[in-house]
Amino acid sequence: MGILCHMQSDLCLQAGVTPQGETIVVVYGLALFSSISTNSRLREKGEEFIRLSAMDMERNRLFFASSANYIYATQLPSPQMEGAWKTLSPASIQLIDLEAGDFITCLEYLMEKEALIIGTSSGLLLLYSVDDNATEIVGRVEGGVRCISPSPDGDLLAMVTGFGQILVMNLDWDLLYEMPLDDLPEDVDVHESAFSAEFSFEASISWRGDGKFFASLSKVHDAFPLLKKLKVWERDSGALHSVSEPKPFMGSVVDWTQSGAKIAVVYDKKEEKQCPSVVLFERNGLERSSFSINEGMNDTIEFLKFNCNSDLLAAVVRGETFDTLKIWFFSNNHWYLKQEIRYPKEDGVKFMWDMTKPLKLTCWTLDGRIITYKFVWVTAVMENSIAFVIDGSKILVTPFSLSLIPPPMYFLNLEFPSAVRDMTFCSKISQHRLAAYLSDGSLCIVELPLLDQWDELEGNAFKIEASYSGTNYGSLSHLAWLDSHVLLSVSHFDFGHSNCPKRNPLDGDVRPGYYLQEIEIRCSEDLIPGSVTCSGWHAEISNQIYLEGVAIGIAPNPLTRYSAFVQYDGGKVFEYMSRLGLNRGTGLQRCEDMGFLSSCPLIDITPVGGYAREKPLLFGLDDNGRLHLDGRILCNNCRSFSFYSNSGDRMMTHLVIATKQDLLFIVDVTDILNGQLEQKYDNFLPIILKNKKDEDDSISINIWEKGAQIVGVLHGDESAVILQTLRGNLECVYPRKLVLVSIVNALAQGRFKDALLMVRRHRIDFNIIVDHCGWQAFIESAADFVKQVNNLSYITEFVCAIKSEDIMETLYKNYTSLKSAKVLKSREMRSTDGENKVYSVLVAIRKALEEQIEETPAREICILTTLAKSSPPALEEALRRIKVIREMELSTAAEPRRTSYPSSEESLKHLLWLSDSEAIFEAALGLYDLNLAAIVALNSQRDPKEFLPLLQELESMPTLLMQYNIDLKLKRYESALRHIVSAGDHYYEDFMNLLKKVPELYPLGLQLINDPHKRSQVLESWGDHLYATKCFEDSATTYLCCSNLEKALKAYRACGNWMGVLTVAGLIKLGKDDILQLARELSEELQALGKPSDAAKILLEYCGDVENGISLLVHARNWEEALRITFLHRRDDLVLVVKNASLECENMLIGEYNEGIEKVGKYLTRYLATRTIRFDLVAKKNDPKFSCIDVRIDETSEIHDSHKGGDVWLIGSEVKRKSESKSYYPSLDSPRARRNHKITSKSNSIEQKNYTHLMSMIMKVRVQYFLHEMLKSFVMISRILTINLWKITLGTLEVVQISIIMGNTSRVSSNSITHNVCVHKKLIRMVRSYRNTMYAVCFRGIYHIHF
C-alpha cells in the first residue's frame, strides 16, 4: 500500500504535473486484505510435526502428511466465517500403515483420481482415497521416492527416485520413459547403496505451464564447491532440451512460471560472502536476470514459487533468528519487495499459492497452524504530487512537480529498520505526514516539508527511526489517518507471529483476534522547517475495540473529522467515532444503508455535493468485479474505478469505471442517485454484446491496451483519467465527457479564458463557448470574454471557428447534461436563426475588441477576421478598412496612428487567406475602386490576362456607366437600375432591357421615371410580363393603369373573371349584339370551368334565358336561388322541375351517407382494436417477465384472431369483410408488406394510417352549409317527411363523428396505458352498439314529428 511501481520515463510527463500545476500522488501497492488462521490438532503434540502438504482446489481441502505417517484432511474456512482465527478440528485423520522405518516422502493430490498419491522412502507408491478411506498400492520404486510432480494437465507423473533416476508415467501407472537425473560416470552403478546415499538431498521437478517441458537441478560431480546444472526436459520423449552452465545453486529450489517465460532458482553465494540471490533463467538454459534477497549471508531459501498469474514470486527465507515469507513483484526491470511476513524459527513455515486466485496464499507451520492470506492491489490518487514506491525496507519518494523520473530512480530515499508492510499518507495544507508499519512490528512516522522546500533534499537518504511506544500494536493493517495526529488501524493478535505481544496494558490479558486501534501521534523534537523529521515520534494506543469479526477495510469519513467507516468480512459497514470528535462519542455504529452484499477488498469513499445526503458515498469492489454501493450492485464487470470532481471542493460529480471488457465509462452522479444506470448504460456491457441498433457510442471509451486499470483522475479543469497498463507505464487520457463537463462548468462560472484554453488543448469545437447558454447570452458577455482572454491570436482562432450550427444540439448532444437553471432558461430563449448567430456574435466580438483592446496591428487583423467570417461576409467593409490603411501609407503627412495598424499588404493577404479571392475581387469592384481591385487581383496570384482587360475597359467608361456595368457583373440590379437612370435618356433602352431581364425591378423603375409616356411603357411592359407568367388578374389591373383596355379585356377573360370582362366591354362601349354574343360565350366558358351558378347568372341577367338559367342552378344544387327565380318569373312548370331534381338529389345523398356511416364504423373499430393491442404490448414490455422478449404482432392476423366472434372489421357479412380488407390493403401478402405491417410496442404506423383516414371522413363545414341550404329549400316546398328522414340520417352521422373525435383526441403517449385502455374499451362498446343508437334516433325523430 503506497507503491508507484509501473511507469516509464517517456510517459511520466503525462502522469505527473498537470499543465496548470495541479499535482497528484500515485499509490499502487500490494496490501494485505485479510488473514484467516486455523489449527489442525496433531495427535502427538511435540513429537509429531507436519512434513508435506497437498491441496484439493475443487473442494477447498488441505491435506497434510505428518512425521508419524498420519494424513490430516482439513477443510479450510470460508472467508465469511466469523472468528476464523479460532482452532478448528480437522475433517479426518488417517494413519498410513507402513513398515517399520518407512516414512512418507511425497504427497500430491490427483484431481483426476480424486485421491492422494503418496511416495515413501522405501519406494512404495500408494493411492489413498480420502472419501472412501481406502489405500491402494499402485507400484514400487527401487531406491525410494524423493519427489513426485504431476503435469499441469494431470495426465503424467514425473518422479525422482533415490537412485537419481527420473521416471515419467501415466495415470494407468505405465512407465513411459526413464533417464538419469545427473550425468553419471560410466563405471558407476546407481543401484549401489553407497552411491545412492549421496543423493539424499530433496529433489524437485517443475513443469512449464503448458506441460510441454519440465525442469530439474542436477549435481555436477567432482566439483568444489558444489555446483549444479539446470536441465530442461521434453515431455513427449524425455529428451534433454537444454542445460545451463554449472552454477552454485542452493538446494533443489526450482520453479517455472505458468506463463513459461522464466525459471526461478537460487544462487548460494557464501563463497563470495554475499547473501543468496534469486536468478531467472530462460528455457534455453541462459541466465536472464537476478536480484539479491538482502538478508544474511547464512540465510537460505527452501521454497520458491510463482503465483498462477506469474506476476508475484514468493519465497521462504530461513534466517538465524526467524523465518520470513517474502513476496516480490517485477516491473521496469527491477524486482520490488512488496510484502514480508515474519514467523518464529520453530514454526518451520511453508506455503503454497492458490491455483486459481493469484492473490491468495496459504501458509502452514510444523505444529499444524494454517494461515490463509489474501492480498489486493491498491491504487489511489491524492491531492499531492508525491509518488511513493515501497521496495523492501525503503520507500522511494519522487515529487512529480520537481522531478519527472520513473522508479526505480527516485528523488529522495527513506530507509526503515525493516521491510515496510503497510503505509498511509496524510496531506494537509501545512503538513505532509507518512506512517509506515514494518515487518518487525514497529510503527514509523515521517513528516515531509512543503513541496516548495524540497530542492535541497534531492539525492539524500534519510534513516527513519521507529516511534516509541510503551505497548505492542500487534500485526497492523489497513492504516488510515483520521487527522494529522491520529491513526486508525486494524490489529491482529495471533501468538504465532514473531512480533505478537504477550500482554496489552489496555485490556490486561489479550485474547487472540482482531482489534480496532486508535493511535495518537506526537513528536518530542522541534520540527525544523524545510527538513525531514525522522525521529522523536511517540505513538500511543488511545483506544482499542475488540472486533467480533474480521475487519477488512477502513475509509476515513471526508465529511466528519475523527470518523471513519470500517468494513467487516461479509460486507457489513460500521462507522467509528473517535473520542476526539465533536460529539465526544466512541465505538462502532452499524450503517445499514451503506453495507455491501459481499466482501470488497477495495473500498473508496467520496462526498457528494448538492444532494440531500448526510453521509458520503462508500463504494466497494469485490473479487468478482462487482461494484457495490448502498447495498446494491452498480456494475457486474468492473475492473477498477475512481471519482471525478469538476470543482475545487472535491465533491464527486462523476464516477469513472474501467470494465473487464476494457471499456471506460463516465457516469454522472445524478444517474447513480436516481437509479438510472441500467437505463442509460445498459449494465456497462460492450456494444457487440448488447446487439442494439443505433447505439450511442459516446457512453464508453475503448481502452487501447488490454488489462489497463484506473490509477486515478485529475479533478477540475484537467479532467484526465490516469491509466496503468500491464506493461507498467502510466498513461493519461482525457475523456470527452469529462472535458466537456469541465468546459461547461468554467463557462457557467464566467471563466472564459480557462474554458478557451481547455477548448484549444483538447480540440473541442469553439462553438461550445457560444452555444452552451445560447448565443444571445454570449453576446451580453462578449466584452468580458475579450477582456479575460486578452490574446488576439486565441480570439482570432475562436472567430474563425464560429459557425451557424448549434453544436449543443448536434455534435455534443449526448455528452453533456446542463442542470443550471440559468443555463436552461438561456437555452429555451435560443434562436434557431444560425445566420443571425454568426453575424451577431462577430459584431459583438468586434465591438468588444474596439472597446477593450488598444489599437495594435494584431487587433486590426482580428477585426478583419470578424468581418471576413461574418455571415454574409462583410468584405466591402473590410476592404474599406484596408483602403484607409493604404491611404495612410500614401499620405505624406505624419500620421501617429500609422504604427497601430498593419501594412495594407499584410492586411490584404490575411483577408485573402480567410476568404475566397474571387469574392474579395468582386467586393473591391463593388467599391468602384479599380486600383484596389487591381491590388487584390495581383495579391491573389491571378493572371493579369484575366483581369487587366476588364479593368481597362471599365476605366475607359464614364463613371455612371462604369458603375452600371460593375453592378450588372455583381448582380446588384437595383443599384445598376439607379445608375443607368442617372446616366440619362440615351440609355433608356438599356433601362427597359434591365427591367425585362429582372422583372422584380418594375416597382423601382416606376419610382425612378417621371415622364408619363415612359411610365405608360413601363406599365405595359410590366403587364405583358404578368400576362406571360399567367398572373391574369394583376396583368389586367396593370393594363387598366396604362389605359390599355383591349389587353385588360383579354387578361380578365383569361382568368375567368366575367364581371371584369363585361365591365371593360362597357368601357370600350361595345354594341348590344356584341355584348349578347360575349355573354353567351362567357356562359359556355364558365360551364366548362365548373361554375354553373355564374353561368346561370349571366344567362338570366344579360341574355334573359330563364329556362337555361334555372337548369344551370339546378345543376349547381342552388335550390333556394332556383326557386326564387321561378317564382320571380311565375313559371310553375319550372317549380316542378326544381322539386323533382331536389328529390332525386336527396335519394342519392341519403344512400351515400348511409354507406359512409358503415365505413366509419368499420375503420373506427379497426383503429381502436389496433391501438388496444399496441397498449397491451407496451404493458408486456414493461413487465419484467417479458423484458427480454421483442414482441411483435402481425396486424392482419393477430387483431382478427384476438377479436374472433365479434364484429371487429365492419358491419356486414364475412365475405364482404374479407373482400374489403383485401382491397384496402392490397399488398399484405408480400414479405415486405408483412414487415411493414407489424404492430410493436414502439411502432404505431398502422394506427396512424387509420387515424388519418378516420379524420378525413368527418363532415366538412362546406358540406354542412350545403345541407343547411338544401333543408331550407325543403321547408319552402313543405317536404316535412323528407326533413325528418334527413334528421334521422344526420343524427346517426353525428353519433359516429363524435365517436371519431373521442377516439382520436385520446391519442396521447403510451405511458398512461391503463387510462387509455379503459377509454378505448368504452369507445369500442359505443361503436359496436351504434346501430341501436341509430334506431333510437329514428324513434325520437318519428315521435317528435307525430307529437
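Since we're looking at a predicted model, the values are computed, not measured. Excluded from the calculations below are hydrogen atoms, water molecules and symmetry mates; all remaining heavy atoms, backbone and side chain alike, are included.
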Item to check | Note, Gln75 side chain near Asn60 side chain (heavy atom, < 4.5 Å) | outcome: yes

Checklist outcome for this item: Taken in chain and number order and not counting sequence neighbours, the residues that satisfy side-chain hydrogen bond (donor to acceptor under 3.5 Å, both in side chains) with Asp354 are Thr356

Next on the checklist: Is there a side-chain contact between Trp233 and Val168 in this structure, where contact means two heavy atoms from C-beta onward sitting under 4.5 Å apart?
Outcome noted: no

Item to check | Met169 to Leu175 - nearest heavy-atom pair and separation | outcome: CB-CA, 4.0 Å

Next on the checklist: Has Lys350 got a side-chain atom pairing as donor or acceptor with Arg51's backbone, closer than 3.5 angstrom?
Outcome noted: yes

Checklist entry - Mind checking what makes ring-ring contact (aromatic ring centres under 6.0 Å, His included) contact with Phe103, not counting sequence neighbours? => result none

Checklist entry - Does any non-hydrogen side-chain atom of Phe213 lie less than 4.5 Å from one of Glu234? => result yes

Checklist entry - Yes or no on ring-ring contact (aromatic ring centres under 6.0 Å, His included) for Tyr72 and Trp364, after CA distance, side-chain angles and deciding distance? => result CA-CA 13 Å; Tyr72 293 85; Trp364 67 90; over 10 Å; no

Checklist entry - Do Ile96 and Thr135 come within less than 4.5 Å of each other through their side chains, counting heavy atoms only? => result yes

Next on the checklist: Can you classify the ring geometry of Phe351 versus Trp353 as parallel (below 30°), tilted (30 to 60°) or perpendicular (above 60°)?
Outcome noted: perpendicular

Checklist entry - Applying salt bridge (Lys or Arg N to Asp or Glu O under 4.0 Å), which residue pairs with at least one partner in residues 107-125 are found, sequence neighbours left out? => result none

Checklist outcome for this item: Heavy-atom closest pair (Ile166 atom, Ser216 atom, distance to 0.1 Å) is CD1-OG, 4.2 Å

Checklist entry - In terms of heavy-atom contacts, does NZ of Lys212 have more than 12 from other residues, nucleotides or ligands at under 6.0 Å? => result no

Item to check | Asp153/Arg235 ion pair, N-O < 4.0 Å | outcome: yes

Item to check | Contact check, side chains of Ile104 and Ile71, non-hydrogen atoms, under 4.5 Å | outcome: yes

Checklist entry - Does Trp335 have any ring-ring contact (aromatic ring centres under 6.0 Å, His included) partners at least two apart in sequence or in another chain, and if so, which? => result Phe291, Phe330

Next on the checklist: If the condition is salt bridge (Lys or Arg N to Asp or Glu O under 4.0 Å), which residues does Lys270 pass it with, not counting sequence neighbours?
Outcome noted: none

Checklist entry - Can you tell me how far the CG atom of Leu125 sits from the CG atom of Leu157, to the nearest 0.5 Å? => result 8.5 Å

Item to check | Under the ring-ring contact (aromatic ring centres under 6.0 Å, His included) test, residues paired with Trp256 that sit two or more places apart | outcome: none

Checklist entry - Which residues satisfy the ring-ring contact (aromatic ring centres under 6.0 Å, His included) test with Tyr177, sequence neighbours excluded? => result none

Next on the checklist: Going by the rule side-chain hydrogen bond (donor to acceptor under 3.5 Å, both in side chains), which residues pair with Ser244 if we only count those two or more places apart in sequence or in a different chain?
Outcome noted: none

Checklist outcome for this item: For Leu171 and Leu110 the tightest heavy-atom approach is CD2-CD1, 4.2 Å

Checklist entry - Should Ser331 and Phe329 be marked as a side-chain contact (heavy atoms from CB on, under 4.5 Å) after you check the CA-CA gap, both sets of side-chain angles, and the distance that decides it? => result CA-CA 7 Å; Ser331 177; Phe329 181 76; 3.9 Å; yes

Checklist entry - Any donor-acceptor pair under 3.5 Å linking the side chain of Asp172 with the backbone of Asp174? => result no

Next on the checklist: So which atom in Arg421 and which in Gln339 form the shortest heavy-atom distance, rounded to 0.1 Å?
Outcome noted: O-NE2, 3.2 Å

Item to check | Sequence-distant partners of Asp155, side-chain hydrogen bond (donor to acceptor under 3.5 Å, both in side chains), two or more places apart | outcome: none

Item to check | Full working for side-chain contact (heavy atoms from CB on, under 4.5 Å) between Leu359 and Asp623 | outcome: CA-CA 10 Å; Leu359 298 179; Asp623 293 329; over 6 Å; no

Next on the checklist: Could you tell me if the side chain of Ser53 sits less than 4.5 Å from the side chain of Met352, heavy atoms only?
Outcome noted: yes

Next on the checklist: If you count heavy atoms of other groups shown closer than 6.0 angstrom to CD1 of Ile137, is the number above 12?
Outcome noted: no

Next on the checklist: Could you work out, with side-chain hydrogen bond (donor to acceptor under 3.5 Å, both in side chains) as the rule, every residue matching Arg61, not counting sequence neighbours?
Outcome noted: Asp56, Asp131

Next on the checklist: Using side-chain heavy atoms (C-beta onward) and a distance below 4.5 Å, is Leu126 in contact with Leu98?
Outcome noted: yes

Next on the checklist: Closer than 3.5 angstrom, by distance alone: can the side chain of Ser393 be matched with the main-chain N or O of Ala419 as a donor-acceptor pair?
Outcome noted: no

Checklist entry - Within a reach of under 6.0 Å around CG of Asn133, are more than 12 heavy atoms found that belong to other residues, nucleotides or ligands? => result yes

Next on the checklist: Salt bridge or not between Glu245 and Lys247? Use side-chain N to carboxylate O under 4.0 Å.
Outcome noted: no

Item to check | Stepwise ring-ring contact (aromatic ring centres under 6.0 Å, His included) check, Phe281 with Phe249 | outcome: CA-CA 12 Å; Phe281 279 81; Phe249 294 108; 5.8 Å; yes

Checklist entry - Stepwise, does the side-chain hydrogen bond (donor to acceptor under 3.5 Å, both in side chains) test hold for Tyr267 with Glu272? => result CA-CA 11 Å; Tyr267 278 175; Glu272 302 175 12; over 6 Å; no

Checklist entry - Does Val253 offer a backbone N or O that forms a donor-acceptor pair with the side chain of Ser204 under 3.5 Å? => result no

Checklist entry - Testing Arg146, Glu178, Glu142 for side-chain hydrogen bond (donor to acceptor under 3.5 Å, both in side chains) with Gln165, which one passes? => result Glu178

Checklist entry - So, Ser149 side chain and Ile205 main chain: donor-acceptor pair closer than 3.5 Å or not? => result yes

Checklist entry - Can you list every ring-ring contact (aromatic ring centres under 6.0 Å, His included) pair that touches residues 107-159, not counting sequence neighbours? => result Phe63-Tyr109

Item to check | From CG (Leu476) to NE2 (His492), nearest 0.5 Å | outcome: 12.0 Å

Item to check | Exercise: identify the closest heavy-atom pair between Asp569 and Ile552 | outcome: CA-CD1, 4.0 Å

Only pairs under 3.5 Å count here: list side-chain donor-acceptor contacts from residues 293-314, not counting sequence neighbours, and write none if there are none.
unit_1, atom_1, unit_2, atom_2, d
Glu295, OE2, Lys326, NZ, 2.6
Asp299, OD2, Gly296, N, 3.2
Glu302, OE1, Arg318, NE, 3.2
Glu302, OE1, Arg318, NH2, 3.4
Asn307, OD1, Ser310, N, 2.9
Asn307, OD1, Asp311, N, 3.1
Asn307, OD1, Leu312, N, 3.2
Asn307, ND2, Asp311, OD1, 2.7
Asn307, ND2, Pro358, O, 3.0
Ser310, OG, Gln258, N, 3.0
Ser310, OG, Ser259, N, 3.1

Checklist entry - Any sub-3.5 Å donor-acceptor pair from Thr105's side-chain atoms to Gly119's backbone N or O? => result yes

Checklist entry - Is there a side-chain contact between Leu226 and Asp268 (heavy atoms, below 4.5 Å)? => result no

Item to check | Any donor-acceptor N/O pair, Ser242 side chain to Arg283 backbone, under 3.5 Å | outcome: yes

Checklist entry - For Leu156, does its backbone N or O pair with a side-chain atom of Ser151 as donor and acceptor, under 3.5 Å? => result yes

Checklist outcome for this item: All heavy atoms of Val243 vs all of Lys229, minimum pair found to be CG2-CD, 3.7 Å

